[in-house]
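Here the structure is laid out as structure tokens; the discussion comes afterwards.
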Amino acid sequence: MVLEAIKYRPHSLEILDQLRLPHESVYAPIKNSTDAFNAIKSMTVRGAPAIAIVAALALAVELANREFESADEVRSFVSEKLEYLVTSRPTAVNLSDAARKLAKLVKETEGDVKTIADAYIAAAEKMLVDDVSDNMNIGKNGLEWAKKTIGQDKFSILTICNTGSLATAGYGTALGIIRSIYADGLLSHAYALETRPYNQGSRLTAYELVHDNIPATLITDSMASVLLNSHPEIKMIVVGADRVARNGDTANKIGTYQLSIVAKHHGVRFVVAAPTTSIDLQTMTGEGIAIEQRKPDELVTVRGPVVDKDGNVNKGETKTVHIAAPGIGVWNPSFDVAPAALIDAIITEKGVAEKDENGEFHLEYFF
Ligand SMILES: CSC[C@H]1O[C@H](OP(=O)(O)O)[C@H](O)[C@@H]1O
């Protein structure tokens, strides 16, 4: 079982095709910005940090394999490609944040074509390394917060979507906290929501939990309430983030908002795990976050492997099954927003944000 979503070496980038997981581990080459745009748009690669890193490294590969006449030409090329890549998916801020920083770096770098291209490539490669160390720190900070807040006895955790190695450069954010709590011996059991309609939970998070031998159970999205009502040992819900607004409102996978309500009703801690690259201080509240609407057929069809009579997967062969009445209308928002009022803590690589006596987060302290 492979958990490396992104395979990069100088001049070459491959991504694990997440549309074919968990039954097939197939890597797809990413040779340029167009390949990256298409892979991100189709969710062949997904996850807020991962899409930013793939976009940045795809352009790095493109720069390394292309000739430019002048410094101005390479600057214009980078700026144009970054603007294009940012349009692939609108909600996660990591992509636009990385594009803004990389464009600024190239604009401010003096020198010839090679100097500018090398500066960009080094910065994109650093994103890959920094993301893993950020996730390890999120895990450590999440474990310390859990010990302080929930206590020293074993407890169970519920999570949604996929926020692990398949959504990042490695280890993960919310799933990274689950890994750290498990490694410390404090985790009794992990529960994963299947996370319709892309099924990040059943296809990706379950894959990672099985890979790590973490005791875990998959449930449908509709079971979350009754699970909390019948399993008092669940003390924490931890989720990822695509964009955290300045006031702490958090856009995350569709279903996160109702989890925050269910957590409040059952007195369960509701925690967001996010690198500071997912925090957007320019967006004041969740109302300012653009929510990506995905195609209807991603909700009314399910694509999976063809399996022979002995249960063997026919490699490379998939089948699409239609699971809804033809002609029915479809609403398919990819994210929703958990309000800051229902969030107990936002755990980042730089530390943990909790609300003050006025019930307000101060995320600006991380910058
Ligand atoms: C650490 S991944 C953050 C975030 O991204 C996922 O969305 P998608 O699978 O559509 O890219 C999900 O919302 C995760 O929580």
Side-chain angles (χ1 to χ4, degrees), residues 3 5-6 15-19 21 36 39-55 88-98 127 130-132 134-139 142 158-179 192-205 207-208 221 237-244 250-260 270-280 286 289-295 298-299 332-338 343 346-349:
L3 288 186
I6 303 165
I15 57 168
L16 187 54
D17 183 342
Q18 299 195 25
L19 291 170
L21 287 175
I40 293 166
K41 184 83 176 170
S42 61
M43 295 178 69
T44 303
V45 62
R46 33 63 52 202
I51 62 179
I53 292 164
V54 166
S88 55
R89 293 189 76 191
T91 302
V93 69
N94 311 58
L95 178 50
S96 52
D97 180 58
M127 285 175 65
D130 287 355
D131 189 59
V132 177
D134 287 352
N135 295 337
M136 300 299 288
N137 285 322
I138 289 170
L158 171 64
T159 193
I160 186 172
C161 198
N162 174 256
T163 56
S165 299
L166 298 173
T168 66
Y171 199 70
T173 58
L175 191 48
I177 289 177
I178 290 174
R179 285 184 160 116
L193 292 188
E194 68 177 340
T195 317
R196 287 271 300 141
Y198 183 94
N199 300 316
Q200 290 93 334
S202 52
R203 296 192 303 111
L204 307 178
T205 296
Y207 184 82
E208 293 202 43
D221 302 335
I237 295 177
V238 62
V239 304
D242 288 79
R243 190 180 296 246
V244 184
T250 296
N252 194 55
K253 187 48 50 194
I254 189 74
T256 301
Y257 172 39
Q258 63 190 17
L259 277 187
S260 69
F270 185 84
V271 173
V272 170
T276 50
T277 50
S278 296
I279 296 173
D280 174 10
I289 299 174
I291 300 296
E292 177 188 10
Q293 302 294 320
R294 299 233 13 130
K295 292 183 298 189
E298 292 183 359
L299 190 151
N332 188 15
S334 197
F335 303 98
D336 58 24
V337 176
I343 297 172
I346 298 172
I347 297 176
T348 78
E349 74 283 6

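Each ligand, and each atom within it, is numbered from 1 in the order the structure gives. As the structure is a prediction and not an experimental result, all values here were calculated from the model.
Every atom of ligand 1 with a heavy atom of C161 under 4.0 Å away is listed here by number and element: 6 (C), 9 (O), 12 (C). If you number the atoms of ligand 1 from 1 as listed, the ones under 4.0 Å from a heavy atom of P49 come out as 1 (C), 2 (S). Set against the non-hydrogen atoms of D242, the atoms of ligand 1 under 4.0 Å away are 4 (C), 5 (O), 6 (C), 7 (O), 12 (C), 13 (O), 14 (C). Here is the list of ligand 1 atoms found below 4.0 Å of a heavy atom in A48: 2 (S), 3 (C), 5 (O).
Across S278, A241, G240, heavy-atom proximity to atom 3 (C) of ligand 1 is greatest for A241.
Between N252 and ligand 1, a contact under 3.5 Å exists for at least one N or O pair. For the pair G47 and ligand 1, the shortest N or O to N or O distance falls below 3.5 Å. For ligand 1, the polar-atom distance check against N162 finds no nitrogen or oxygen pair separated by under 3.5 Å. For a threshold of 3.5 Å applied to N or O pairs, the pair formed by Q200 and ligand 1 contains at least one separation below that value. At least one N/O-N/O distance between R46 and ligand 1 falls below 3.5 Å.
S278 and N94 share a side-chain donor-acceptor pair at under 3.5 Å.
Once rounded to the nearest 0.5 Å, the distance linking CG of D336 with CG of L259 reads 8.5 Å.
Checked for salt-bridge contact, E194 and R203 miss the test: no charged N lies under 4.0 Å from a carboxylate O. Salt bridge present: R294 and E292 bring a charged side-chain N and a carboxylate O closer than 4.0 Å. With respect to R243 and D280, a salt bridge is recorded, a charged nitrogen being found less than 4.0 Å from a carboxylate O.
For the pair F335 and ligand 1, a heavy-atom separation below 4.0 Å is found. Within the structure, the closest approach of E292 to ligand 1 does not fall below 4.0 Å when heavy atoms are considered.
Looking only at distances, no side-chain donor or acceptor of K253 sits under 3.5 Å from a matching main-chain atom of I160. Side-chain atoms of T91 come within 3.5 Å of backbone atoms of A290 as a donor-acceptor pair (strictly under, hydrogens ignored).
Screening T256, L158, T250 against F270 for a side-chain contact (heavy atoms from CB on, under 4.5 Å) leaves a single residue, T256.
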